[in-house]
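Take a look at the structure set out below.
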Amino acid sequence: MELLVQYHDGSESVGPLGSTMSQGIIKEEILLDDLKYYFMSPCEKYRARRQLPWKLGVQILKIVMITSQLILFGLNNQLVVSYKEENAMTFKNLFLKDYSGVDEEDYSVALYSQQAVYDSLFYVLDQYRQLGRLSVGPISYAEEDGKLLPLVICKEYYKRGNVEPSDDAYDIDAQLEKVCMTHDPTNVSQWKAENVSFFNLEFYRLVDIKITFQLKGINLQTVRSHELPDCYVFFVTITFDNQCHSGKIKIFLDIDALSSACKNWMISGTAQKNTHYLLVFDGFVILVCLTSAVLCTRSIVLAVKLLQRFSRFFRENYNHKVCETDQKEFLNGWYVLVIVSDAMAIVGSILKMEIQAKSLTSYDVCSIFLGTSTLMVWVGVIRYLGYFQKYNVLILTMKTAFPKVIRFCCCAGMIYMGYTFCGWIVLGPYHEKFEGLSRVAESLFSLVNGDDMYTTFAQLKDKNSLVWLFSRVYLYSFISLFIYMVLSLFIALITDAYDTIKNYQKNGFPMTDLQRFLREQKDFPPGEEGSEMDTETGMGHPALCCCRRAPSNDDIILIS
């Protein structure tokens, strides 16, 4: 155990007084010194030990390395995302007849005549047959065991149907049937002759037609960033949707891209060497994160042991139980945040190394781990700013207002959910911003922040007068309630917490038992309730320890 020994006038206080100290006083002095050292800032610990704060140094190094790692991976990930998006646009222009280049709502092309359906259907087949002569990119047919994977066409229709709109009569068997066939692009003339009946479509029975095929491509643009290219398999699905039977058939084109390591490749230059450097860098990031996690775990264990000593001492000497507020002073939540961020950074770095080595292609999963860990690392920097009274106002305000804000948000959320469900069921059929529950919630959140108000009012279709009148009452009441009342009260809660913190910083924070003990004031109030502070006003928050703490003396050094 490292002890803090105080020097007076440059000489150690050794004499009869020291030899006659009781064992209890010695234990109290040791505990007091350990507590003072525990609550020191890194600068104060440096003045006491005359050693560099290694934990702080590791955190600074980790911030630099994780941020650099994130930037490098983000630049590479942008190339992957842009490659997939541009291929999706390429396939739409190649396989969809009369595609304008811009999707209409959630579909790409709309057809309104039978001839247009046939023309678009055969256009897909012809373009697929001529793919090798049409595409300007490295795209080809997918093969398996040396054999071409065929294009598959499936049509789904009602088992039996007879519709006569003029007589207001229909006879429909709702059971669906599905018929599929394959298309061989190498033998088109014979294939069309053998499958004439398949394309004899009865549109009043037709539900949809799906064309699926696989293509392969290579993302060569990564060579410019000294990365090994990935090979991709594109699962393309073209759907002729006639579920509404409204006279409008919508065409959807969806792709699912699966990347993998190329089997046979040869590349010259610096790409392979650069990959090795990145793997070494990622390994060093893992080592730094492991070191950080071990140091923080050690600090948590030492804090728990120190809390047990402090609680036992109070119970034995003062018959006094340590209040919950003082117990929270020892349980540093920042250490937990650092450990979680380290764990996520380690997992993300391992995934990144696997991606660099072309063993995995989980770019999205890796992005989540690396992005979240970087967020937590930068948030953790606030802990060190909290040691300075002029910089810790944000931390103290947030933690003081947090309990009230959570309770307030729970109450306001009930009203918000009510408006969400009501807007979806009533306005959904008439307004594109209210078509789904998630879209309704997003639209209402935008309205709370004053975004796109006029457009929301103007886009409502006024064909139904009752719904139009309801929409005005709905929107006006929601905007008035949440902007003028709910949002104002929300800001008032935070402002009140800020004023409380500023007042305490000006006039001083009320002291807990722990602060009295650190300042060697032994007049503890009787009973546990007398030593607790009002957590509603923020006085009992553990974060306030940074600014209430007594400054350490320069004549304190650390010895073993």
Side-chain angles (χ1 to χ4, degrees), residues 40-47 49-81 222 224-228 270-300 332-357 360 362-388 390-392 394-395 398 543 546:
M40 287 181 182
S41 67
C43 296
E44 295 169 340
K45 290 180 179 179
Y46 171 74
R47 288 197 296 267
R49 299 177 8 157
R50 301 301 178 186
Q51 293 181 1
L52 294 177
W54 296 109
K55 191 187 306 180
L56 176 60
V58 170
Q59 297 304 318
I60 295 176
L61 177 62
K62 186 179 69 173
I63 290 174
V64 175
M65 297 192 66
I66 288 183
T67 305
S68 302
Q69 181 190 49
L70 181 74
I71 294 174
L72 293 175
F73 181 77
L75 294 175
N76 187 35
N77 195 25
Q78 286 180 358
L79 297 178
V80 174
V81 173
T222 56
R224 292 178 300 159
S225 59
H226 306 292
E227 296 285 343
L228 294 178
T270 60
Q272 183 68 11
K273 185 183 295 184
N274 186 68
T275 301
H276 291 163
Y277 289 151
L278 290 176
L279 291 175
V280 172
F281 177 76
D282 293 333
F284 192 52
V285 171
I286 294 176
L287 179 62
V288 172
C289 291
L290 282 174
T291 304
S292 173
V294 170
L295 290 176
C296 291
T297 304
R298 174 179 173 273
S299 297
I300 292 177
N332 197 327
W334 293 110
Y335 290 149
V336 178
L337 179 68
V338 172
I339 294 174
V340 174
S341 67
D342 289 336
M344 300 193 72
I346 291 172
V347 175
S349 298
I350 294 175
L351 292 176
K352 183 176 180 293
M353 294 176 68
E354 294 292 333
I355 292 174
Q356 293 290 146
L360 291 177
S362 306
Y363 282 91
D364 294 335
V365 178
C366 183
S367 299
I368 292 174
F369 278 101
L370 291 182
T372 307
S373 65
T374 306
L375 169 64
M376 292 182 176
V377 165
W378 279 98
V379 171
V381 177
I382 303 178
R383 169 178 177 256
Y384 298 101
L385 296 178
Y387 287 110
F388 305 96
K390 295 182 179 179
Y391 292 94
N392 68 347
L394 175 62
I395 305 174
M398 290 177 58
C546 298

Using modelled atom types and a 3.5 Å cut-off, is there a donor and acceptor pairing between side-chain atoms of Ser292 and backbone atoms of Cys289?
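Between the backbone of Cys289 and the side chain of Ser292 there is no qualifying donor-acceptor contact (under 3.5 Å).
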Any [X] side-chain heavy atom under 4.5 Å of [Y] side chain:
X	Y	value
Lys352	Val285	no
Trp378	Thr67	yes
Asp364	Ile368	no
Val336	Ile300	yes
Trp334	Val379	yes
Lys62	Asp342	yes

Using every non-hydrogen atom in the two residues, find where [X] and [Y] come nearest and quote the distance to one decimal.
X	Y	answer
Ser367	Phe73	OG-CE2, 3.2 Å
Met65	Phe284	CE-CD2, 3.0 Å
Ser349	Ile286	CB-CG1, 3.5 Å
Ser341	Ser373	O-CB, 3.4 Å

Gap between atom [atom2] of [Y] and atom [atom1] of [X] - 0.5 Å precision:
X	Y	atom1	atom2	value
Ile350	Ile355	CD1	CD1	12.0 Å
Leu287	Asp282	CG	CG	12.5 Å
Gln59	Thr291	CD	OG1	10.5 Å
Ile339	Met376	CD1	CE	12.0 Å
Asn77	Cys366	CG	SG	8.0 Å

